[in-house]
Amino acid sequence: MMDIQKLKDEFVSLYGSAGQPEVYFAPGRVNLIGEHTDYNGGYVFPCALNYGTYMLVRRNAASTIRFASTNFEFKTEVPLDNISKKVDNQWVNYPLGVINELVDQGMNMEGIDLLFSGDIPNGAGLSSSASIEMVTAFALNAMFGVKLTALDLVKISQRAENEFVGMNCGIMDQFAVGMGKKDHAVFLNCDTLEYDLVPLALQGYRLVITNTNKKRKLTDSKYNERRAECEKAVAYINRKRSIRNLGELSLAEFEQLQNLIPDETIRKRAYHVVSEDARVLEAVHALKTGNLVFFGELMYASHDSLRDNYEVTGFELDTLVEEARKIPGAIGSRMTGAGFGGCTVSLVQKDMTGPFMEQLENAYTRKTGLKPGFYVAEVGDGAKKL
Ligand code: GLA
């Protein structure tokens with residue numbers, strides 16, 4: 001657990017003792033199933049974690065925004081009349097992008113001092129970026145009386161990441177981080193944004209998150225490449241049937257239409273999306289009916305498709321999942337998030353989580369030379385004031 005008093009002390013030592021800061025929190029997320037479907041108008045099934053980003057904020061007398069974080073050395077001060085300019089490739093662009101969006105929505109910005117502190121690993125596929133965006137959006141909306149709804153804040157945060165930061169992500173992460181609920185998973189239709197909070201009744205199982213600790217490279221460019229491939233698939237299919245995105249097709253319909261796609265790679269990408277969408281529906285049903293063993297099988301099938309059809313896994317993620325399959329007590333495992341590195345999520349019998357982590361660590365380290373990180377996930381609430 002984060003030591004809030006320690007953060008407050010750090011805040012005072014950075015910015016002085018003129019009044020108490022307010023404290024806000026937004027979680028990270030883990031996606032249980034439904035990967036690379038969000039930007040195709042498909043289904044996703046993530047949940048919010050009890051790890052995330054804390055933000056301490058207080059008005060200052062200067063006309064500037066001061067940024068600091070316990071996770072990064074870099075600190076800066078941005079004059080209010082200069083907020084629309086990006087700060088190199090720095091972490092502050094996430095909150096700054098959100099501030100710009102809020103100002104566009106009519107927020108009357110004043111000078112503030114900010115201290116961020118995250119307890120989720122950065123860049124590990126657990127949405128540290130959506131978490132810092134949403135904590136900023138939620139806090140400033142409340143402080144400055146902007147009166148936007150939670151869904152508006154989700155959309156603003158996604159736009160900040162797309163347009164200000166320059167990462168063309170879908171809406172899943174911000175949505176899970178903003179709308180998640182303790183002990184529930186968020187079943188979201190990314191086309192209509194209709195959603196349902198499904199009780200995460202895991203019976204005698206636990207979610208174990210394993211970080212490959214692989215340094216991710218080129219993730220954003222590969223991600224954008226996959227998006228473009230899906231758009232190509234839509235264009236081919238539109239020669240015969242008019243669709244806006246792949247999420248509109250059932251598996252049976254896709255099988256009828258797939259010959260319209262001459263390029264095998266593009267066809268495989270589209271097949272992943274359509275089949276993954278079907279798996280999400282099955283997984284939600286499996287969870288609701290208490291069939292966790294089937295839920296686990298769908299997780300393995302999702303990983304296989306991300307490896308073979310969508311090609312976003314890589315040696316480290318594949319090794320974690322392959323080794324998990326061999327360990328007694330594990331009933332499902334898959335990569336989570338964008339891929340290319342980052343984390344897997346596994347469904348493991350509660351009384352076997354200790355031996356599971358030990359065996360997985362040994363096998364993974366032997367094969368990759370890397371030491372993995374482990375988190376037994378607790379499913380927490382979306383963004384909130386503390
Ligand atoms: C990243 C993006 C999400 C989603 C996933 C893949 O986490 O931010 O919008 O596309 O990858 O499912």
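Numbering of ligands and ligand atoms starts at 1, following listing order.
For Arg269 and Thr265, the side-chain atoms include no donor-acceptor pair closer than 3.5 Å. Ser302 and Arg334 share a donor-acceptor pair across their side chains, judged by distance under 3.5 Å alone.
With sequence neighbours excluded, the residues forming a salt bridge (charged side-chain N to carboxylate O under 4.0 Å, His left out) with Asp191 are Arg244, listed by chain and number.
Side-chain atoms of Asp152 come within 3.5 Å of backbone N or O of Thr149 as a donor-acceptor pair. In terms of modelled atom types and a separation under 3.5 Å, the side chain of Asn50 and the main chain of Gly380 share no donor-acceptor contact.
If you look at His36 and Tyr223, their ring centroids are closer than 6.0 Å.
Within 4.0 Å of ligand 1, counting heavy atoms only, the contacting residues are Arg29, Glu35, His36, Asp38, Tyr39, Cys169, Gly170, Met172, Asp173, Tyr223, Gly337, Ala338.
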